Trainee: 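Sharing a structure, written as structure tokens. Questions coming.
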Amino acid sequence: MENEPAKTEDTALLGLDSDESEALVALKNLEEKRKQKRRSRNIKIGVAAGVVALAAVLFFSGALAPHEEEGEEVPETAVAMIDDFSTTISESGSLQPSSSVVVTPEVDGVIQEVLVTEGQHVEEGDVLVTMRSTELEKAVNEAAKGVDSAASDLSQAKSSVSSMQKAYKKAKKEYKKQAEKAEKMAAKARVKGENARQKAYDKAIAAIPKDATAKEKKELKAEAEKAGQDAYDKAYAAVPIPEVEPFDEASFAESISSAKEARSSAQKALDDAQGTYNEAVAELDKCTVRAPQAGTLLSLDAVAGAALGDGPENSSGSIAQIADVTKMRVNIEVNEIDISSIEVGQRAVVTFSAFPDLELEARVIDVGSTASGSEEGDFGGGGVVTFKVDLLIDKPDPRLKLGMTANVEIFTQDIKNALVVPASAITEDADGNMTVEVVTDEETFATETRKVKVSAQSTSEAVIKKGLKEGEVVLLSGMGDLLGDEGMEGDDLAVEDDEG
């Protein structure tokens, strides 16, 4: 026919005529709308509304039964489609900086100068304010005097050790010199004595008569030896040999050891004094208040001339708050029913009441392990236990301000390009196998039961991993239980999975 629309590739593959192709397009459009509405928390009613809308489109388009008679009861069907499958959990929270630190001076004093302004970006280590403390300045001066005194004592102790060591060396050298001189004179005396001995002995031997008897000769020889010894002693004694006192090594060693101990004590006293000085300087350095991290000064409560400390007229506490806003966090509370579906690393989408056009990516960075609070039940029953969940926005928009309301949608299941059918198409046989009824004849709605493998499922959709192909038509079941007798219009209902 001239005005008959051409069949698309999808309808050609399915063997559908033009009316059927229009129904398929309508079906796809409806599925897309259902995906967009899934963020609502009205689960059962939403699912039912989506099914009503789907059934209505299929029925009025004629795709379900092209040749049916008006008033005939027609089975409800759906087409297996490639689509993105996801389940979400939605909550609201407030924007917080990725990290924040409160700056509180560590010492008391009077603010001299404020070097930054509120809202200014600072780097770690930048000086925020300078303070003055007369007490800390006095402590530094006294500690410096202590260092000077200890250094002087150490210098004297070192000098004492040096003097002792020099005295020891000098005394030992003098002793050695005197000992050598004494030994030299003693050697000279020995030589003179030997000469005198020999001379006296030879003279006495020469005087012995030749006719003396042997006994007489023996006696005279003994007298000669005695005369020689007397001559030796006389000659030895005639040489002046100096007397040398023994060297007292132990006395010197003891004196030097005592001097070294005094030096060690003086060194320790100097080290202690230096430590006291370093501590005093470190305390005084705290009068220069620096930024502990890079970030933006969210608040600055410092005025030149103001006193900080514990006095009755002094102010105390923080003087500034620095936050890193290059990344932002969102803190939300998730009820105990949904918390098991939340994991670190899951992606999320964040929208903002202040900027309806803004949508940012985020990820879960922390899931509370203990309950953090409770919220009032939906029907006035008891409180619902909640758990804290933190999300991080890596690239926040410059328009965002801390404390703004952030609406978070966490993707607890997120599968791209999945083969999706309505959850009501899935049934379980007696053996526990998941099955679908695949339409084999669109005129008679003849079907075959086929086993399928379901990899993910929500209350409204199921992802088929095996057993079904894109474009195949399946029967739906259990629709009446979901619809009930509410009689609500599909467009008035929101669609969402029970995981969210």
Side-chain angles (χ1 to χ4, degrees), residues 7-35 47-48 50-69 72-87 413 415-483 490 495 497:
K7 292 185 178 180
T8 65
E9 184 178 353
D10 289 339
T11 58
L13 290 173
L14 295 173
L16 302 176
D17 57 22
S18 60
D19 290 337
E20 293 169 333
S21 68
E22 291 176 1
L24 182 57
V25 170
L27 174 61
K28 288 186 175 182
N29 290 337
L30 177 62
E31 290 293 324
E32 182 62 28
K33 289 180 180 179
R34 293 175 64 219
K35 296 294 287 184
V47 173
V51 173
V52 170
L54 173 62
V57 170
L58 292 177
F59 178 82
F60 289 110
S61 66
L64 297 177
H67 306 295
E68 63 177 299
E69 294 293 334
E72 283 188 17
E73 186 175 342
V74 179
E76 296 175 351
T77 62
V79 179
M81 293 184 177
I82 298 296
D83 199 357
D84 294 340
F85 172 86
S86 64
T87 56
Q413 297 184 89
I415 305 173
K416 303 296 183 183
N417 299 319
L419 183 61
V420 180
V421 298
S424 58
I426 308 298
T427 58
E428 184 176 351
D429 64 17
D431 297 325
N433 299 310
M434 297 293 105
T435 64
V436 294
E437 296 295 323
V438 180
V439 177
T440 57
D441 189 328
E442 296 180 21
E443 294 289 338
T444 63
F445 285 97
T447 63
E448 66 174 18
T449 301
R450 191 180 302 173
K451 294 181 182 179
V452 292
K453 185 174 182 180
V454 178
S455 59
Q457 186 172 350
S458 68
T459 55
S460 60
E461 293 179 324
V463 175
I464 306 299
K465 186 174 183 180
K466 186 178 180 181
L468 197 62
K469 295 180 180 179
E470 180 184 8
E472 289 189 300
V473 180
V474 296
L475 288 183
L476 305 183
S477 61
M479 309 311 290
D481 292 338
L482 287 175
L483 291 176
V495 178
D497 306 321

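From a predicted model like this one, the values you see are computed outputs, not experimental measurements.
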Trainee: So do I82 and L419 actually touch side chain to side chain, heavy atoms under 4.5 Å?
Mentor: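 Yes - at least one pair of side-chain heavy atoms lies under 4.5 Å apart.
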Trainee: Indicate yes or no: at least one non-hydrogen side-chain atom of V436 is less than 4.5 angstrom from one of I426.
Mentor: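 Answer yes - side chains close enough.
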Trainee: Please determine whether side chain to side chain contact (heavy atoms under 4.5 Å, CB included) holds for the pair T447 and V438, giving the CA-CA distance in whole Å, both sets of side-chain angles, and the decisive distance to 0.1 Å.
Mentor: CA-CA 5 Å; T447 63; V438 180; 6.0 Å; no
Trainee: Using side-chain heavy atoms (C-beta onward) and a distance below 4.5 Å, is T77 in contact with L475?
Mentor: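 Yes, their side chains come closer than 4.5 Å.
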Trainee: Write down the atom of T459, the atom of A423, and the distance for their closest heavy-atom approach.
Mentor: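 Looking at all heavy atoms of both residues, the closest pair is O-CB, 3.6 Å.
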Trainee: Looking at A456 and V454, what are the two nearest heavy atoms and their distance?
Mentor: O-CG1, 3.4 Å
Trainee: Which pair of non-hydrogen atoms, one from K469 and one from A80, has the smallest distance, and what is that distance?
Mentor: O-CB, 3.6 Å
Trainee: Are side-chain heavy atoms of V420 and I415 found at a separation under 4.5 Å?
Mentor: no
Trainee: For a quick test of reading the model, state the closest non-hydrogen atom pair linking F85 to V463 and the distance between them.
Mentor: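 Smallest interatomic distance, heavy atoms only, reads CG-CG2, 3.3 Å.
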Trainee: Under 3.5 Å, side chain of E461 to main-chain N/O of S458, donor-acceptor pair present?
Mentor: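 Absent.
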Trainee: Looking at residues at least two apart in the chain, or sitting in another chain, which of them share a side-chain contact (heavy atoms from CB on, under 4.5 Å) with E428?
Mentor: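 Expected list: M434.
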Trainee: On a heavy-atom basis, which atom in Q457 and which in Q413 lie closest, and how many Å separate them?
Mentor: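 Of all heavy-atom pairs spanning Q457 and Q413, the closest is O-NE2, 3.6 Å.
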Trainee: Which residue, T435, N433, T449, forms the side chain to side chain donor-acceptor pair (under 3.5 Å) with T427?
Mentor: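 Answer after filtering T435, N433, T449: T435.
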Trainee: Would you give the length of the straight line joining atom CG of L468 to atom NZ of K451, rounded to the nearest 0.5 angstrom?
Mentor: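 Reported to 0.5 Å precision, the distance equals 15.5 Å.
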Trainee: Sequence neighbours excluded, which residues qualify as side-chain contact (heavy atoms from CB on, under 4.5 Å) partners of K416?
Mentor: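 Per chain and number, K416 pairs via side-chain contact (heavy atoms from CB on, under 4.5 Å) with D84, R347, D414.
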